[in-house]
Amino acid sequence: MSAPVVTRFAPSPTGFLHIGGGRTALFNWLYAKRHGGKMLLRIEDTDRERSTPEAIDAILDGLKWLGLDWDGDVIYQFARAPRHREVAEEMLARGRAYKCYATQAELEAMREKAKAEGKPMRYDGRWRERSEADRQAAEAAGLKPVIRLKAPLEGETVVEDLVQGRVTWSNDNLDDLVLLRSDGTPTYMLAVVVDDHDMAVTHVIRGDDHLTNAARQTQIYQAMEWKVPAFAHIPLIHGADGAKLSKRHGALGVDAYRALGYLPAGLRNYLVRLGWSHGDQEIFSTEEMIAAFDLKNVGRSPARFDFAKLESINGHYMRHTGDEELLSAIETMLPYIEGGPALLGELNQLRRAQWLQAMPGLKERAKTLVELVEGSRFLFATRPLALDDKAREILEKGGRALLKALLNRLESLETWDAATLEAAVRAEAEATGQKLGNLAQPLRAALTGKATSPGIFDVFVVLGREESLGRIRDQATA
RNA sequence: GCUCCCAUCGUCUAGAGGCCUAGGACACCCGCCUCUCACGUGGGUAACAGGGGUUCGAAUCCCCUUGGGAGCGCCA
C-alpha cells in the first residue's frame, strides 16, 4: 500500500493571492481529492520584511471564496525556524554542509568575474575545505558565517517531474547554496525542504518557476537522506499578450475576480482547463473535475489568460445556477462593487421576491454577476424612470403615441399575467397592422428605461400592474 | 552570459507513427429562432514555427535553427 497522498499549497504572503496561485492551489486541491489525500496550507512568511498580515488574510479569504479548503491548521513557516536551524546543524555535523565566511564583496566579485568570463554565476566553494585555523581566524576577525550545502561536485542531479518528465542538471552547474544565513535564519531552500519533509508531503505541485529549485532541493533531501517527494511543475499563466502576468494583464488578486462578478465555480472551471485537459470536455462539475484530474494530462507550455473564454464559461454557470443561489451569490458580491452596498440596503422582502421572479430571464442575459445586476436596475428604479439614449430615441420617434394607444387596452385588463398581456398587445398590433416589435420596444423603453431587457411580458408581471401602468403613463403623457 | 523548460487555429486545447482531408471550445463571420438583447441552433474562416533526418508512413521520434518562458541572491 502506498503512502496517502499529501499535497500542499505554499504561498508567500508578500502580496495577494493572484490567479496563478489560485490555479496552483486548485491543482493541489484536486490532486489530493482525487486520491483521497490531504492538501495542507503553509504560509511562507520567512521574509519578515515583506510578509504582511493583510496579505495572509487576503490569501485565506481568496482560497475560501474559490471554494478550496485545506486540511488541518495553517502552518506558518517562520514559526518553524528553530527546526530549520536544527537541520542545518545536523547537516554540518554529518559533513554535508560547511561554514562559509565569504563576504558580500567577495561574492560580488565572484559574480562579476563569472559574467566577464561568460561562465555561470555561482559560488566557487572557497570555504569548502578550509582548515580549522582559517575558520578561527575568520571568527576572530568578526566574520559571521553562513552554512552552505556541500553539494556534489560531479555527476548529475535528476528530477523526475510528473509534468515535465525527467530533467537533468550537471552538478557542476549547481553551486553550494546557503542553508542558514549569517544571522542564523534559514533560507527558503532549506525551509521548504524541511517543512515538506516534516509535513510528510508526497507531491509538490507548484509553478514552473520552481523547476530549477527542485534540483537544489533534491540535493538537500539527498544530503539528509530523506525521501524526495514527487514533483510536478505546472506551466505558468501569461497575460493575453504572452508576457508574464502582471497587474496590467489579469494577475489580479482572486478577490478582484469576485468583484468582477465571476462565480467561484466558473472561475475554477476556467482555471482547470488552463494547462489541463480531459479530451474534448470543457465543462466539469466539481465531482467530475476531481474524478478526472490527473497530472499526466497537464501540458508543459504556458497558457495565456483569456477573459473572453472566462466570461463564456461563467455565463454557462450563471445560466445553470439556481435562482436563489444566484441571488445569494449577488449578495456576497455586492459589498465589493461600486454602488453595491446601497443596492444591498434596498433589498427588502418585496425586492428579493421580485428579483427572484425575474431571475430566469435575467441570468440568461448576463455573463457575470455585475452584468446581471446591471440588467436588474429597472427593478429598483423609481418613477419617473431615467432613460438611456436608445430608450429615449425609441420613445421620441413615435413611441409615445403608440403607448397612448396601448394604455387604454392595458388599463382595462382584468388579469395581469404574461399570456393576457401578450394577447392584448398582439391584438393592438393586429388592429393597427404593425409588428409586435413595434409595440414591444416602446413598452420596453417605458418600463425599463433601456432598449434591452428580458421578455417584455415578464417584465410587466414582475413590476406589477400599478407600477407598470404608472411607468407607461409617465412616458405616454410626457 | 550560463542552466533548464516549452512550441497544433487569434486564444484554451485534442492528438501518445497510419483512425488527421488535424477534432472540440472561446472569439469572429453568415443564417435560423425571435417583442429587444441574450440563450439555443445550422454553417463558415482559421493551426501542426522553419530546416534536416529516422520510417513503407510523422503533428506525433531524433538533430539543428528560430521564437517564447523560467531560474541563476545570506528573496520566496
Side-chain angles (χ1 to χ4, degrees), chain A residues 10-14 44-47 49-51 77 100 102 104 107 111 114-123 144-148 159 161 164-165 167-170 173-175 177-183 185-189 191-192 207-216 233 235-236 238 240 242-244 270 273-283 296-297 299-313 315 319 361-367 375 390 394 422 425-426 429 435-441 443-445 448 450-457:
Chain A
S12 66
T14 53
E44 308 213 318
D45 57 350
T46 53
D47 185 338
E49 298 289 309
R50 297 193 298 153
S51 297
Q77 189 163 62
C100 166
Q104 291 294 344
L107 261 21
R111 276 191 281 270
K115 196 171 185 178
E117 296 175 356
K119 289 180 177 167
M121 295 187 250
R122 47 188 289 274
Y123 172 71
K144 292 284 182 195
V146 298
I147 293 181
R148 282 182 187 271
V159 170
D161 195 279
Q164 306 291 340
V167 185
T168 307
W169 284 265
S170 175
N173 285 317
L174 267 15
D175 63 359
L177 66 276
V178 174
L179 299 168
L180 207 64
R181 300 189 186 98
S182 50
D183 65 0
T185 60
T187 60
Y188 163 78
M189 219 56 88
V192 169
D208 212 355
D209 49 340
H210 287 285
L211 185 57
T212 42
N213 289 337
R216 327 193 77 184
H233 289 91
L236 268 20
H238 290 171
K244 189 179 179 181
Y270 175 71
R273 284 285 290 99
L274 230 44
W276 176 78
S277 62
H278 184 65
D280 283 341
Q281 191 170 352
E282 297 284 348
I283 302 295
K296 86 170 196 293
N297 285 317
R300 278 146 299 165
S301 50
R304 299 187 184 201
F305 194 88
D306 181 12
F307 269 104
K309 184 141 187 181
L310 203 211
E311 292 222 328
S312 167
I313 288 177
R319 295 192 293 280
L362 254 15
K363 69 186 180 188
E364 203 165 85
R365 293 170 171 75
K367 290 196 164 35
K390 286 178 182 166
I394 289 167
E422 180 163 356
V425 177
R426 279 190 187 279
K435 285 186 171 178
L436 183 57
N438 268 14
L439 297 177
Q441 282 306 83
L443 286 171
R444 193 180 322 275
T448 68
K450 301 205 281 192
T452 66
S453 81
I456 195 63
F457 305 111

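Proteins come first, then strands; the chains are lettered A, B, ... in the order of their sequence lines, and each starts at number 1. Computed from a predicted model, the values in this text were never measured in an experiment.
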Rounded distance (Å) that lies between atom P of B:G69 and atom NE2 of A:His238: 7 Å

Partner nucleotide of B:G1 by Watson-Crick or wobble geometry (both distances under 3.5 Å): B:C72

Residue mapping more 5' on RNA chain B - nearest nucleotide basis, A:Ser170 or A:Arg122: A:Ser170

Proximity to the side chain of A:Arg304 - top-ranked nucleotide from B:G40, B:C6, B:C12: B:C12

P-based separation of B:G23 from B:U45 [nearest Å]: 11 Å

Heavy-atom donor-acceptor pair, A:Thr187 side-chain to B:C74 base, under 3.5 Å: no

Nearest-angstrom distance, C1' atom, B:G15 to B:G71: 31 Å

Closest to the A:Gln164 side chain, choosing from B:C6, B:U36, B:C35: B:C6

Rounded distance (Å) that lies between atom P of B:C37 and atom NZ of A:Lys450: 14 Å

Atom-pair distance (NE2 on A:His278; P on B:U13), nearest Å: 16 Å

Phosphate-side-chain proximity, A:Thr46 and B:A76, N/O vs OP1/OP2 below 4.0 Å: yes

Span that lies between the C1' atom of B:C48 and that of B:C32, in whole angstrom: 34 Å

Pairwise P distance, B:C39 and B:C26 [rounded to whole Å]: 10 Å

Options B:A7, B:C35, B:C12, nucleotide nearest the side-chain atoms of A:Arg273: B:C12

Per A:Glu282 side chain, nearest of listed nucleotides B:G24, B:C37, B:A38: B:G24

A:Glu44 side chain reached by A:Pro11 side chain, heavy atoms, under 4.5 Å: no

Base paired to B:U60 (Watson-Crick or G-U; both N/O distances under 3.5 angstrom): none

B:U34: pairing nucleotide in any strand, Watson-Crick or G-U under 3.5 angstrom: none

I'd like a list of close polar pairs between nucleotides 18-23 of chain B and the protein, N/O only, cut-off under 3.5 Å.
unit_1	atom_1	unit_2	atom_2	d
B:G23	N2	A:Asp280	OD1	2.9

Contact letters for nucleotides 27-32 of chain B, in which S counts primed atoms plus P, OP1 and OP2 and B counts the base, heavy atoms under 4.0 Å: ------

Whole-Å distance separating the CD1 atom of A:Ile456 from the C1' atom of B:A38: 15 Å

Distance, P atom - from B:A27 to B:A70, rounded to whole angstrom: 29 Å

Between A:His233 and A:Asp161, a side-chain donor and acceptor under 3.5 Å: yes

Selected nucleotide, minimal atom distance to A:Val146 side chain, candidates B:C35, B:C74, B:A76: B:C74

Heavy-atom donor-acceptor pair, A:Arg365 side-chain to B:U36 base, under 3.5 Å: yes

B:C35 phosphate, OP1 or OP2, under 4.0 Å from A:Arg426 side-chain N/O: yes

B:U65 and B:C6, which share atom name C1', separated by this distance in whole Å: 16 Å

Aromatic contact, A:Tyr270 with A:Phe305 (centres under 6.0 Å): yes

Pairing partner (Watson-Crick or G-U wobble, both distances under 3.5 angstrom) of B:U11: B:A25

B:U55 pairs with, by Watson-Crick or G-U criteria that keep both distances under 3.5 Å: none

Separation of atom CG in A:Leu211 from atom P in B:C6, rounded to whole Å: 9 Å

Nucleotide nearest A:Arg444 (side chain, heavy atoms from C-beta), chosen from B:U13, B:C35, B:C74: B:C35

P atoms of B:C2 and B:A58, separation to the nearest Å: 35 Å

Candidates B:C12, B:A14, B:G24 - which lies nearest the side chain of A:Ala303: B:C12

Trace of the side-chain contact (heavy atoms from CB on, under 4.5 Å) decision for A:Arg319 with A:Arg365: CA-CA 9 Å; A:Arg319 295 192 293 280; A:Arg365 293 170 171 75; over 6 Å; no

Rounded distance in Å - CZ (A:Arg300) to P (B:C4): 17 Å

Rounded distance in Å between the C1' positions of B:G31 and B:G50: 40 Å

Pairwise side-chain contact, A:Val146 with A:Arg148, heavy-atom cut-off 4.5 Å (strictly under): yes

Nearest-Å distance for atom pair CG/C1', residues A:Asp209 and B:G71: 8 Å

Rounded interatomic separation in angstrom, taking CG from A:Leu236 and P from B:A70: 7 Å

Watson-Crick or G-U wobble partner of B:A16, both distances under 3.5 Å: none

